[in-house]
Amino acid sequence: MSSQSNVRTIDRVVIRFSGDSGDGMQLVGNIFSDVSAGEGNTISTFPDYPAEIRAPQGSLSGVSGYQVSVGKDVHTPGDKADVLVAMNPAALKTNLQYLKPGGIIICDSDSFTEANLKKALYKTDDPIKELGIDPDYILSMPMTTLLKHTLEGSGLDNKAIMKCKNMLALGLVCWLFDRPVDKVLSKLKVKFAKKPAIYEANEKVINAGWDYGHNTHANMPTYRIETDTARPGVYTDINGNTATAWGLILASEKSGRQLFLGSYPITPATDILHELAKRKDLGVKACQMEDEIAGVCSAIGASYGGHLAVTTTSGPGLALKSEGIGLAVMAELPLVIVDVQRGGPSTGLPTKTEQTDLMQALYGRNGESPLCVVAATSPTDCFTMAFEAARIAIEHMTPVLLLTDAFIANGSSAWRVPEEKDFSEIKPRLVTGDLLEAGWKPYTRDDKNKVRYWAIPGTEGAMHRVGGLEKDYNTSVISTDGPNHELMVKTRLEKIKRIADDIPLLSIEGNPDAETILVGWGGTYGHILSASEELESDGLPVAVAQFRYINPLPSNALETLKKYKNIIVAELNTGMFADYLQMHLPGKDILRINKIEGQPFLVKEITDGVKKLIKG
């Protein structure tokens, strides 16, 4: 392919792919993101798809989207898209709201039939005029006609041919943004390694899309996207669920404890189960159990047996697991619970994102049932925090609840594959011969962290039982004595508090000397950081604190926050973390920016909220 001379350089671009759920928008978005990450761009993605298994083709409710921001210093998928790829009239109608004024629309002109316009509830036969679109900003491509011409004589039936249409759009976008087609094809070759005819068809179609842009729009510029100066290493595009699975695998290796997952499928956490089920070669035991309760109980059994035990779920499943988690708290067994948050309550919005499980994570169990709660801030941070959750669980003999959310679990970022030396060894507190000689009991503790020791079944002289009934502090036998129960309750609480000595201090970004600090937790990090940068450029400096450790809070967190005149918490709920901080900071008025629409923040929503609160 010849190169095009009319090339403009840009810092970043936001592209939104949209079409029917069966049009492969998630696939082409993933491939474009992966290739861009390999080119040295930072990326942030946002898959946005319906909860329906398969809505009627061409209907408004069946539209699936995938938004990706590519370039330098990218923190979010972007508030609005520079380019909208719309595979049919329904996709154009539902996604036009996400396009910037003056943005480019790429559409399949063949799809604008009378039947499709009717399905998408257009009132006229001129959708461009009806939607108020400037025709100069539309790059119209007869995808179906071109597709059939390209694959004529391929031997594929019409259904198989139509499944390749998304690759025409991908080829055209690769031309427009100077993406290397050979790297796209290498990824498809892996995907279709066992289906060479399908690979060859997609290869032809991608080249046809690239050629269409090059030949038909020779006077239109293409764009070169700037790259960041990156630390040398191997980079790839990774989503949060995959990163979570890989972080747990590394923790298994670093702790010498075999990884066991006991889980039940639930959107949007199921992909962690899928990924770990593939890793038998790494010694992973992944069991799909019959329900959520069985999932957590099987993990507790594995933990008792000496495994790094994990159970994964979303909000409704976390509710069902609560009794089992309480058992793990009482037995003081290491257990990692991953909660990929989604819109609720009940079944709620299964494919949409929220941060509404925080109070359930902190307090959603009977009795005094403290455990450690941590949160990942980005798709790549899911790797780090999954490893960290496992480390804390094992070294402090406690359940640890890792909160992610649908936005970062399904979204992806460019990730530098870490080196082994980047992560330290995890050191289980195992029962040894010295302890046994000193008269070890199941609830014998170390003085520093109040952590009991892990007696692996089969260890000679360490026969024991732990369970849900209260035990005597000294003898570890069942006890209903009141003062002893109070001592054990306070000890379990103190054990969690002392984790604060084993986690990083809260760091401040943005302008640390500002009067206002913008606070968030978990997956809102990119939007909050971008908002702080925009506010700084508008002459309104703010500091930023993004919490990854929630219970316990970092040891310097409260004193740090007290220094600021205005504390503003932005979160995707009605103010749960703000309430939590308010409880710890009596006398400070915690201000709030909240959103509960099943969608991540727009950066503008945060900047506007900060300005309004400060002026108020």
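Quick note: numbers below take in every heavy atom, side chains included, and nothing from hydrogens, waters or symmetry partners. Residue numbers count from 1 along this sequence.
Among pairs with a residue in residues 64-87, those fulfilling salt bridge (Lys or Arg N to Asp or Glu O under 4.0 Å) read D82-K100, at least two apart in sequence or across chains. Pairs of residues two or more places apart, or lying in two chains, that qualify as salt bridge (Lys or Arg N to Asp or Glu O under 4.0 Å) and include a residue from residues 528-546 are D538-K611. For the salt bridge (Lys or Arg N to Asp or Glu O under 4.0 Å) condition, the pairs that include at least one residue of residues 102-113, sequence neighbours left out, are D108-K165. Residue pairs that meet the salt bridge (Lys or Arg N to Asp or Glu O under 4.0 Å) test with at least one member in residues 146-158, sequence neighbours left out, do not exist here. Sorted by first and then second residue, the pairs that involve residues 124-133 and meet side-chain hydrogen bond (donor to acceptor under 3.5 Å, both in side chains), not counting sequence neighbours, are T124-E130.
The backbone N or O of E419 lies less than 3.5 Å from a partner atom in the side chain of D422, making a donor-acceptor pair. Checking side-chain atoms of Q355 against main-chain N and O of W521 turns up a donor-acceptor pair under 3.5 Å.
The salt bridge (Lys or Arg N to Asp or Glu O under 4.0 Å) test applied to E420 returns K254, not counting sequence neighbours. Here K612 pairs with nothing under the side-chain contact (heavy atoms from CB on, under 4.5 Å) rule; sequence neighbours left out. By the salt bridge (Lys or Arg N to Asp or Glu O under 4.0 Å) test, R342 is found to be paired with no residue, residues two or more places apart in sequence or in another chain being considered. Taking I238 as the reference, T242, A243, W246, T380, W415 meet the side-chain contact (heavy atoms from CB on, under 4.5 Å) condition, with sequence neighbours excluded. For N30, the side chain to side chain donor-acceptor pair (under 3.5 Å) partners two or more places apart in sequence, or in a different chain, are Y66. Every residue two or more places apart in sequence or in another chain that forms a side-chain contact (heavy atoms from CB on, under 4.5 Å) with D136 is listed here: D134. Applying the salt bridge (Lys or Arg N to Asp or Glu O under 4.0 Å) criterion to E354, with sequence neighbours excluded, gives no partner residue.
With salt bridges taken as basic N to acidic carboxylate O contacts below 4.0 Å, one links K595 and E605. For D23 and K163, the salt-bridge test fails: no basic side-chain N is under 4.0 Å from an acidic carboxylate O. Salt bridge annotation for E200-K204: absent, with no cationic side-chain nitrogen under 4.0 angstrom from a carboxylate oxygen.
For the pair I106/L84, no side-chain contact is recorded, criterion being any heavy-atom separation below 4.5 Å from C-beta on. R16 places none of its side-chain heavy atoms less than 4.5 Å from the side chain of V85. Two residues are said to be in side-chain contact when any heavy atoms from C-beta on lie closer than 4.5 Å; S21 and P50 meet this criterion. In this structure, the side chains of M162 and T144 come closer than 4.5 Å at one or more pairs of heavy atoms. Side-chain atoms of V374 and E388, non-hydrogen and from C-beta on, never get closer than 4.5 Å to each other. Residues L146 and M143 form no side-chain contact, since every pair of their non-hydrogen atoms from C-beta on lies 4.5 Å or further apart.
Annotation for A543 and N511: closest pair CB-O, 3.3 Å, computed over non-hydrogen atoms. For the pair P56 and D20, the tightest heavy-atom approach, listed with the atom from each and the gap, is O-OD1, 4.4 Å. Heavy atoms only, all atoms of each residue included: Y212 and L139 are closest at CE2-CD2, 4.4 Å. Taking all atoms of both residues into account, the shortest heavy-atom contact from N88 to G58 is ND2-CA, 4.2 Å.
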Item to check | Residue pair K118, E114: steps toward the salt bridge (charged side-chain N to carboxylate O under 4.0 Å, His left out) verdict | outcome: CA-CA 6 Å; K118 186 176 180 180; E114 182 180 352; over 6 Å; no
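In summary, the aromatic rings of F423 and F383 are positioned with their centroids under 6.0 Å apart.
Under the 30°/60° scheme for interplanar angles, the aromatic rings of H527 and F407 are found to be tilted.
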